[in-house]
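Taking it in order: structure first as structure tokens, then the write-up.
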Amino acid sequence: MLYRTVPKTGDRLSILGFGCMRLPAKSGGIDENRAIRQIRHAIDSGVNYFDTAPAYHFGKSEQILGRALLDGYREKVKIATKLPHWSVRERADMDRILTSQLTTLRTDHIDYYLLHSLAKENWDKMEKLGVLEFLDKAKAAGKIRNAGFSFHGNLEAFKQIVDSYDWQFCQIQYNLLDEHNQAGTAGLIYAAGKNLAVMVMEPLRGGSLAGHVPADVQKIYDEAPVKRSPAEWALRWVWDHPEVTVVLSGMNDEAHIDENIRTAGSALPQSLSPEDRAILDRAKAAFLRLMKVGCTGCGYCMPCPSGVDIPGCFALYNARHLFPDDRGPRFQYIGHHGGLLNKPSNAGLCRACGKCEKACPQHLPIPRLLKDVKSDMEGMVMLIVPVLRGGLWCMNTVSGIRSYFSREKTHD
């Protein structure tokens, strides 16, 4: 296992991080025994960074990770978990949620604590509610060791957040197809230039860049003199960037875990040959040819007067058609644009004012394309947003009740 150093602390983290968002399933839930075996096997193989969140598996992910780290495993790893901004209504909620997480994870501190899924609007909300003071107090009390944030907005907002606090790290979506989406390469370089460790999520686009890739892409990989799986090609592309500290993989299959661990034993930064990079460039071009919208994610069309996240909507629309068997893009669309986790920014808000079309350097007919996105990604599926929001509210309420009784028990 290779390791990279967190600039501000000197922590040595495995370049492969274990994402606990997609633990193995069984009978509609998590196969707990199998998940614990997988987590411990990864630790025994050198993985020392584990990423979870209250929202993953509807609260079960933190619970299972806490159990997996019993029997001496906690001392071998760094835990990363997140503060869900959608569950915060006032400053006291932050302390309550953190207290509950410490209990659930069976630990007295969180090594890497993130503000979850930030974009400009929810960052502004959390800042006004006093989140920076919360982070300072939690760090001073030893409840968290390092403060960071995960991000799903545009580059301008990313830079604003990076410059707003003395963060130790951040987490961005970054992969072969998202080089210029969201924070992108420019954000990666900006954060690293500020001495932040950068954790990368979705390096395989939820598994879509691994396994059964489009035939045109697989043909290119098959022609390479060095034989690698699509997953290895995609992971090596991310690890080749020296600014990347940890690459998170949502692993739930023993063979995939072992393959990723093997790859993480040799994926040094800037180790791809010119021939390797040429293969990856051809694979990316093949992916792009299959996309429905030729959006580069440059952001010149933003901000939209009606509140549409135009590049974000197009990116998930493209992902849905590139990988028709993957349900992830539809769920991400609902979460990030449909009003579940953030203020609505979906394609259906478009009023066809034409401002975006005039600004687009690709000369895309954006209002017409947004109608296609609305037709394909929204419709009846948007009706479940209030139900899911209710589910998140219930999770938040249950967390508060658990925290209350935990305090009462301690006082007794």
Consider only side-chain N and O atoms of [X] and [Y], and report whether a donor and an acceptor are under 3.5 Å apart.
X    : Y    : value
N346 : E378 : yes
T107 : R74  : yes
S61  : T52  : yes
H336 : D309 : no
Q168 : T9   : no

Would you please name every residue forming a salt bridge (Lys or Arg N to Asp or Glu O under 4.0 Å) with [X], sequence neighbours left out?
X    : answer
K143 : none
R228 : E232, D276
D166 : K8

Are any of the side-chain heavy atoms of [X] and [Y] separated by less than 4.5 Å?
X    : Y    : result
T81  : L114 : no
F287 : L209 : yes
L98  : M94  : no
Q38  : I257 : yes
I366 : C301 : yes
L16  : I261 : yes

* Does NZ or CZ of K137 lie under 6.0 Å from the centre of the six-membered ring of F134, at an angle within 45° of the ring axis? ->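 Verdict for F134: no cation-pi partner in K137.
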
Supply the atom-to-atom distance [X] [atom1] to [Y] [atom2], rounded to the nearest 0.5 angstrom.
X    : Y    : atom1 : atom2 : result
D11  : D111 : CG    : CG    : 7.5 Å
T104 : E62  : OG1   : CD    : 6.0 Å
L235 : W239 : CG    : CH2   : 4.5 Å
H321 : L316 : NE2   : CG    : 11.5 Å
D216 : L290 : CG    : CG    : 6.0 Å
L65  : L70  : CG    : CG    : 10.0 Å

Charged N-O contact under 4.0 Å between [X] and [Y]:
X    : Y    : value
E156 : K120 : no
R282 : E223 : yes
K227 : D222 : no

Please answer whether the main-chain N or O of [Y] pairs with a side-chain N or O of [X] as donor and acceptor at a distance below 3.5 Å.
X    : Y    : answer
D376 : V373 : no
T5   : G10  : no
S100 : R96  : no
R277 : L272 : yes
D240 : W237 : no
T263 : E259 : yes

* To do: Under the salt bridge (charged side-chain N to carboxylate O under 4.0 Å, His left out) rule, what do E202 and R22 come out as? Steps first, then yes or no, please.
  => CA-CA 12 Å; E202 300 295 347; R22 299 182 178 94; 3.1 Å; yes

Shortest non-hydrogen contact from [X] to [Y]?
X    : Y    : result
L248 : F18  : CD2-N, 4.3 Å
Y190 : V162 : CE2-CG1, 3.9 Å
V238 : N175 : CG2-CA, 4.2 Å
L132 : S164 : CD1-O, 3.8 Å
L349 : P344 : CD1-O, 3.4 Å
E357 : P367 : OE1-CD, 3.4 Å

* Steps toward side chain to side chain contact (heavy atoms under 4.5 Å, CB included) verdict (L2, S266) -> CA-CA 7 Å; L2 296 177; S266 59; 5.5 Å; no

* Asked: Taking the six-membered ring for Trp, is the centroid-to-centroid distance between Y112 and Y49 below 6.0 Å?
  ->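 Centroid separation for Y112 and Y49: below 6.0 Å.
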
* Might you work through the salt bridge (charged side-chain N to carboxylate O under 4.0 Å, His left out) test for D372 and K292, ending with a clear yes or no? => CA-CA 10 Å; D372 295 339; K292 298 282 283 186; over 6 Å; no

* Asked: For L280 and W233, what are the C-alpha separation, side-chain angles and deciding distance, and is it a side chain to side chain contact (heavy atoms under 4.5 Å, CB included)?
  -> CA-CA 8 Å; L280 285 161; W233 279 110; 3.8 Å; yes

* Structure fact -> salt bridge (charged side-chain N to carboxylate O under 4.0 Å, His left out) pairs touching residues 169-185, sequence neighbours excluded, are D178-R205, E179-K284

* Would you find more than 12 non-hydrogen atoms of other residues, nucleotides or ligands less than 6.0 Å from E133 atom CD? -> yes

* Counting heavy atoms not belonging to R145, are there more than 12 under 6.0 Å from its CZ? -> no

* Give the C-alpha distance, both sets of side-chain angles, the deciding distance and a yes or no for side chain to side chain contact (heavy atoms under 4.5 Å, CB included) between Y174 and V198. => CA-CA 10 Å; Y174 194 59; V198 182; over 6 Å; no

* For salt bridge (charged side-chain N to carboxylate O under 4.0 Å, His left out), just list the numbers for K26 and E32, CA-CA rounded to whole Å, side-chain angles, deciding distance to a tenth of an Å, and then say yes or no. => CA-CA 8 Å; K26 179 181 180 181; E32 182 173 336; over 6 Å; no

* Apply ring-ring contact (aromatic ring centres under 6.0 Å, His included) to Y3 and list each qualifying residue two or more places apart in sequence or on a separate chain. =>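 Testing Y3 for ring-ring contact (aromatic ring centres under 6.0 Å, His included), a comparison that skips the adjacent residues, returns none.
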
* Under the ring-ring contact (aromatic ring centres under 6.0 Å, His included) rule, collect the residues that match up with H85, sequence neighbours excluded. =>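 Once residues adjacent in sequence are excluded, H85 has no partner under the ring-ring contact (aromatic ring centres under 6.0 Å, His included) criterion.
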
* To do: Would you please test K82 and D51 for salt bridge (charged side-chain N to carboxylate O under 4.0 Å, His left out) and show each step?
  => CA-CA 9 Å; K82 307 174 183 74; D51 174 271; 2.7 Å; yes

* ring pair (Phe, Tyr, Trp, His ring centres under 6.0 Å) between Y317 and Y333, intermediate numbers included -> CA-CA 8 Å; Y317 179 57; Y333 186 89; 9.0 Å; no

* Asked: Can T245 and R4 be said to form a side chain to side chain donor-acceptor pair (under 3.5 Å), step by step?
  -> CA-CA 6 Å; T245 308; R4 297 187 186 180; over 6 Å; no

* Looking at Q171, Q182, H337, H116, which hits side chain to side chain donor-acceptor pair (under 3.5 Å) with H152? ->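 Checked Q171, Q182, H337, H116 against H152; only one passes side chain to side chain donor-acceptor pair (under 3.5 Å): Q182.
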
